[in-house]
Amino acid sequence: MANLERLRLLEEFAKEEPNNPFNWYALALETETSQPDKALFYFRKVLKDFPEYLPVYFPSAHFFAENELIQEAKETFESGIELAKQIKESKALRELQNAYQNFLFEYDLD
């Protein structure tokens, strides 16, 4: 399936089921390389409207960092780590903590 066709399909899913965070998350992932402005909108939408959707934290934090939104990346990692602790998702917690430590080291942050 071509990227444009997949994108149209995901947009239709989001329109049909706007309260499903996966639809917006999938749009963010699909557009992060080809349309970073749209991806930024979709990542922020999921984080704002569906803060309990744990899968969004890891890729969105990386996306923010890659797009020089360093403070937003830091806050996103921290929020994801807190959420993973709250809902006792130990595997996601370890992954987020490791990625966060790498991020802090790479950007020379404390």
_Quick check: do L93 and I81 have side-chain heavy atoms less than 4.5 Å from each other?_
yes
*Closest non-hydrogen atom pair between A92 and A84, with its separation*: C-CB, 4.4 Å
*Sort and list the pairs that fulfil salt bridge (Lys or Arg N to Asp or Glu O under 4.0 Å) and have at least one residue in residues 14-23, not counting sequence neighbours.*
none
_Between D49 and N19, is there a side-chain heavy-atom distance shorter than 4.5 Å?_
no
*asked:* Just verifying a value: how many Å separate T76 OG1 and F63 CZ, rounded to the nearest 0.5 Å?
replied: 11.5 Å
*Between Y53 and Y25, how do the two ring planes meet: parallel, tilted or perpendicular, split at 30° and 60°?*
perpendicular
*Measuring from L40:CG to K38:NZ, what's the distance to the nearest 0.5 Å?*
13.0 Å
_Would you say that more than 12 heavy atoms from the other residues, nucleotides or ligands in this model lie under 6.0 Å from the CZ of F22, or not?_
no
*Relative to the ring of F103, is the ring of F77 parallel (under 30°), tilted (30 to 60°) or perpendicular (over 60°)?*
tilted
*Which atom pair, heavy atoms only, marks the closest approach of A73 to A65?*
CB-N, 3.6 Å
*asked:* Between D37 and T31, is there a side-chain heavy-atom distance shorter than 4.5 Å?
replied: no
*If you look at every heavy atom in P18 and W24, which pair is closest and at what distance?*
O-NE1, 2.9 Å
*Nearest heavy-atom pair of L47 and S60: which atoms, and what distance?*
CD1-OG, 3.7 Å
*Give every residue pair that meets the side chain to side chain donor-acceptor pair (under 3.5 Å) criterion with at least one member in residues 62-73, sequence neighbours excluded.*
R44-E72, Q71-E75
*asked:* For K85, is there an ion pair with E82 - N to carboxylate O distance below 4.0 angstrom?
replied: yes
*Separation between CD of E89 and CG of L54, rounded to the nearest 0.5 Å*: 6.0 Å
*Could you walk me through whether K74 and E78 pass the salt bridge (charged side-chain N to carboxylate O under 4.0 Å, His left out) check?*
CA-CA 6 Å; K74 184 176 187 293; E78 291 168 352; 2.7 Å; yes
*asked:* Check this for me: does any side-chain nitrogen of one of R8 and E30 sit under 4.0 Å from a carboxylate oxygen of the other?
replied: no
*List in chain and number order the residues that pass ring-ring contact (aromatic ring centres under 6.0 Å, His included) with F41, two or more places apart in sequence or in another chain; answer none if no residue qualifies.*
none
*Taking all heavy atoms of N23 and all of A14, pick out the closest pair and write down the distance.*
CB-CA, 3.8 Å
*Could you pull out the closest heavy-atom pair between P51 and Y57, with the gap in Å?*
O-OH, 2.6 Å
*Below 4.5 Å, heavy atoms only, C-beta onward: do S34 and N3 meet side chain to side chain?*
yes
_Does E11 form a side chain to side chain contact (heavy atoms under 4.5 Å, CB included) with L27? I'd like the steps, not just the answer._
CA-CA 7 Å; E11 287 171 342; L27 278 166; 3.7 Å; yes
*asked:* I'd like to know whether E32 forms a side chain to side chain contact (heavy atoms under 4.5 Å, CB included) with Y42, so could you lay out the CA-CA distance, the side-chain angles of the two residues, the decisive distance to 0.1 Å, and finally the verdict.
replied: CA-CA 9 Å; E32 68 182 320; Y42 293 134; over 6 Å; no
_Pairwise distance NZ(K91) to CG(L96) - rounded to 0.5 angstrom_ = 10.5 Å
